Protein chains: 2
Amino acid sequence: MSRPPIETRRPLTLRDVSEASGVSEMTVSRVLRNRGDVSEATREKVLEAAKSLGYVPNKIAGALASQRVNLVGVIIPSLSNLVFPEVLSGISAELEDTGLQPVVGVTNYSPEKEEAVLYEMLSWRPSGVIIAGLEHTEAARAMLENAGVPIVEIMDVDGQGVDSVVGISHRRAGLHMAEAIIAAGYRRIGFLGTKMPEDHRARKRYDGFKEGLAEAGITLADEEFYQGGSALAKGREMTETILRRTPDLDFLYYSNDMIGAGGLLWCLDNGIDVPGRIGLAGFNGVDLLEGLSVRLATMDACRREIGRKAAEIIAGRPHQGLIGGEVIELEPVLELGDTIRKG
Amino acid sequence: MSRPPIETRRPLTLRDVSEASGVSEMTVSRVLRNRGDVSEATREKVLEAAKSLGYVPNKIAGALASQRVNLVGVIIPSLSNLVFPEVLSGISAELEDTGLQPVVGVTNYSPEKEEAVLYEMLSWRPSGVIIAGLEHTEAARAMLENAGVPIVEIMDVDGQGVDSVVGISHRRAGLHMAEAIIAAGYRRIGFLGTKMPEDHRARKRYDGFKEGLAEAGITLADEEFYQGGSALAKGREMTETILRRTPDLDFLYYSNDMIGAGGLLWCLDNGIDVPGRIGLAGFNGVDLLEGLSVRLATMDACRREIGRKAAEIIAGRPHQGLIGGEVIELEPVLELGDTIRKG
DNA sequence: CTGAAAGCGCTAACAA
DNA sequence: TTGTTAGCGCTTTCAG
C-alpha cells in the first residue's frame with residue numbers, strides 16, 4: 001500500500017511570511033520571538049500569516065545569527081542502565097521552562113565513543129554540557145576545558161572535575177555499605193559485580209567497600225563478575241556460582257540492584273533464609289523493584305536529583321555570571337530493606 | 001572548593017585554522033570534511049593546525065551553508081517505559097555508520113507536548129523524523145505532512161500514517177493473545193492495564209483482546225486499571241484487588257510485562273498455582289525479566305527491530321530517491337512461557 | 001514602533 | 001589541487 005510521495009517544496013522562510021503579511025522580515029522576526037515592541041495590529045497580521053502558511057522558523061539560521069543555541073548536550077554511557085533515563089528525566093524536568101532542550105548522546109561506556117560524541121555535540125555549540133563521570137580521554141578533557149560553556153560532570157565526585165560537578169562519592173557509598181554490613185554482624189562477605197573496566201563508579205564502590213571491610217580487619221571472602229545479558233538472570237547465576245564455590249558466605253554485596261534482585265529471587269526460590277542465613281545488598285534504589293515481596297537493601301544514588309541540580313547549574317549560569325566550578329555532593333541514603341539483619 | 005572561572009574566549013573558526021596553517025579556508029574545510037582532492041602535504045598541515053588549536057567545526061554554520069543537517073528527530077512518549085530506550089537503541093545502532101545522529105524528544109504521552117516537541121525539532125531542519133504512534137494533533141499532522149523530509153511513524157500500524165510506518169498491529173496482538181488463552185481452555189478472564197487515555201497502543205490491544213474473546217462468545221469477566229507508581233508493585237496490588245473482587249477468574253491478561261511480573265510474583269508468594277489455578281500473560285517481551293524463575297507468557301513487540309527498520313528508512317531514503325509511504329508490519333511473537341497451560 | 005544594512009561561520013559553485 | 005565569490009536564513013545594530 002503506497003501513497004504518493006511527499007512533495008519536496010522549498011521550506012518557508014521569514015521572507016514568505018513577510019510577503020504574506022506585508023510586514024518587514026525584521027518585524028516578523030520580532031513577533032515570532034516576542035521581542036521588542038510591536039503593535040497589536042501588526043502582531044496579529046504576522047501571527048496569522050505564519051500560521052496559515054505553516055511556517056516553522058529555521059533555528060539553524062537563527063542560532064548562527066544570534067550566536068545562541070538553546071541546546072544542552074547530555075552525554076551518558078547507556079540508556080539501558082535504567083539509572084540514566086532517570087537522570088535524564090531529572091534534567092528534562094528542570095529544563096522544562098527554561099527554553100533549553102537536552103540532546104542526548106550515548107557512549108556505551110567507551111571513552112573513544114565518548115570523545116566522538118562530545119566532539120559532535122560541541123560542534124553544535126550547545127549552551128552547556130552535562131556529562132557522566134570524571135574520567136575522560138585527554139582529548140575529551142581538553143575539549144571540555146575549551147568549550148567556553150558550562151560543563152557539569154555528574155554521578156561521581158571522587159576525582160577532579162573540569163568545571164562543575166554534581167554527584168555522590170561512590171567510594172564512600174561502598175565504604176558505608178561495608179560498615180553497615182559489619183555492624184549487622186556479617187563476616188564472610190562476597191562481592192558480585194560487572195566486569196567493566198570502564199565503569200569507574202562501580203569500581204570505586206568496589207574499592208570503597210574493600211576499604212570499609214579492611215577497617216574492620218576483614219577481606220572479601222569471594223567475588224564474581226559478569227558481562228552482558230539480562231541482569232536479573234545473571235544475578236541468579238552468579239549467586240548460585242559463588243555460593244557453590246564458597247558455601248560459608250554470609251553476605252553478598254551486588255554492584256547494582258538488578259543483579260541483587262536476581263540473587264534475592266534465587267535465594268527465595270531455593271529456600272535460603274534471608275537475611276538470617278545470608279544477607280544481601282545492592283546499589284541504586286531502583287523503584288522498578290519496589291514490588292518485590294522482600295525489599296532488597298540498597299543505597300539510593302539520588303539519580304533524579306543529580307539530573308535536576310546539573311540542569312539547574314546550566315540553566316542558571318547565564319544569570320549568576322560565568323562562575324563555574326561548583327561541586328555539589330549529594331548523600332546517598334542507605335535503605336536497609338529486608339535483606340540485612342537488624343540490630 | 002572553587003576553581004577559577006572557565007575563560008570565555010572567542011570560539012575558533014575556520015579562519016584561525018586557515019591562518020595557522022597558511023592554507024585557504026576553503027581547503028581547510030575540504031580537509032576537515034574529507035571532500036575533494038587535497039594533497040597529502042596540505043592535508044597534514046591542516047590537520048595538525050586544527051588539532052593543536054583544538055578547533056571544533058561549527059555545524060550550525062555548516063548546516064546553514066550546505067542546507068544539510070545530519071540530525072534525525074526521534075519523538076517518543078517516555079523514557080521510563082523501558083520499551084522506548086530499546087527502540088532508541090535500535091535506531092542508534094542502525095544510524096551508527098551513516099553520519100546521522102538521533103535527537104530525542106519526550107512527550108510524556110501528551111499530544112500538546114508532542115506538538116511542541118515536533119515544532120522544536122523541525123525548526124532544526126533534521127534529515128528525518130521518527131515519531132511514535134499514528135495519533136497526533138491536527139497541527140502536528142500538518143507539520144509532519146509539510147516537513148519535506150522522510151517521516152516514520154513507529155510502533156503501531158493500526159491506522160493511517162503520514163508517510164512511512166513501521167510497527168506491529170496491537171489490535172491483532174490483543175486478538176491473538178485472546179485466541180491463545182481460549183485455546184488453552186481458560187474462560188473467566190480478567191484484564192489489567194494502565195488508565196491512560198493517550199496510550200493508544202494499549203487501548204488497541206485491549207480492544208483487540210475483547211474482540212478475540214467475543215469471537216468465542218466470551219466477555220471480560222473483570223478489569224482493573226492503574227496510574228503511576230512502580231509497575232511491579234501496582235501489578236501486585238491490582239492482582240490482589242481483582243482476585244478478591246472476582247475470585248473465580250482463571251486468567252489475567254496484563255497490558256505490560258512489568259505489571260504482569262508483579263502479578264506473577266504475588267501469585268507465587270500466595271501459593272497460587274500458576275498456570276493451573278490461574279493463567280497469566282503480559283505484553284512486550286521485556287528481557288529485564290528473563291531472570292524470573294517462572295517465565296511470564298508474553299508477546300514480543302519487536303522493539304529493537306522497529307527502531308532499526310525506521311532508521312533504515314530514514315538513512316536509505318536519499319539513495320533510493322524520495323519514495324515515501326512504506327508500511328512495514330512486523331509480527332509479534334507469542335511466547336507462552338510457563339504461565340499458560342499447555343495443550 | 002518599524003525598517004535597512006551588515007554580517008554570523010561555513011560551503012557550493014566556479015575559476016584558476 | 002587550490003582559491004575566490006556569493007550566499008544559506010536569520011538577528012544585531014542602528015537609523016528612521
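Numbered from 1 within each chain, the chains take letters A, B, ... in sequence-line order. Note: hydrogens, waters and symmetry copies are ignored here, and every other heavy atom, side chains too, is used. What you see is a predicted model; the values in this text were computed from it and never measured.
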A/Ser164 and A/Glu326: CA distance, side-chain angles, deciding distance, side chain to side chain donor-acceptor pair (under 3.5 Å) verdict
CA-CA 5 Å; A/Ser164 295; A/Glu326 291 100 305; 3.1 Å; yes
Carboxylate-amine/guanidinium contact A/Glu40 A/Lys45, below 4.0 Å:
no
Checking side-chain contact (heavy atoms from CB on, under 4.5 Å) for the pair A/Val31/A/Thr42: CA distance, chi angles, key distance, verdict?
CA-CA 8 Å; A/Val31 170; A/Thr42 5; 5.6 Å; no
Write down the atom of B/Asp156, the atom of B/Val165, and the distance for their closest heavy-atom approach.
O-CG1, 3.3 Å
Between P of C/dC10 and CH2 of A/Trp124, the distance in whole Å
13 Å
side-chain contact (heavy atoms from CB on, under 4.5 Å) evaluation trace for B/Leu118 with B/His136:
CA-CA 10 Å; B/Leu118 177 60; B/His136 314 290; over 6 Å; no
As a quick check of understanding, evaluate salt bridge (Lys or Arg N to Asp or Glu O under 4.0 Å) for A/Arg308 and A/Glu312, giving each step before the final call.
CA-CA 6 Å; A/Arg308 279 198 170 278; A/Glu312 195 183 313; over 6 Å; no
Per-helix bend value, the helix from C/dC1-D/dG16 to C/dA16-D/dT1, C1' rotation axes over five pairs per end, 10° rounding, shows 30°
Can A/Lys59 and B/Glu120 be counted as an ion pair, charged N to O under 4.0 angstrom?
yes
Which pair of non-hydrogen atoms, one from B/Ala63 and one from B/Val69, has the smallest distance, and what is that distance?
CB-CG2, 3.9 Å
Give the residues of residues 18-40 of chain B touching DNA chain D, defined as any heavy atom closer than 4.0 Å, sorted by residue number.
B/Val23, B/Ser24, B/Met26, B/Thr27, B/Arg30, B/Asp37, B/Val38, B/Ser39
Quick check on DNA chain D: between A/Thr13 and B/Thr42, whose nearest nucleotide comes earlier from the 5' end?
B/Thr42
Just how far, in rounded Å, is P of C/dC1 from NZ of A/Lys45?
14 Å
For B/Asp158, is there an ion pair with B/Arg201 - N to carboxylate O distance below 4.0 angstrom?
no
Residues of residues 48-70 of chain B with any non-hydrogen atom less than 4.0 angstrom from an atom of DNA chain D: list those, numerically ordered, please.
B/Leu64, B/Ala65, B/Gln67
Kindly give the heavy-atom pair with the smallest separation between A/Val104 and A/Met121, and that separation in Å.
C-CE, 3.7 Å
When rounded to whole Å, the CG to C1' distance for the pair B/Leu14 and D/dT4 reads 14 Å
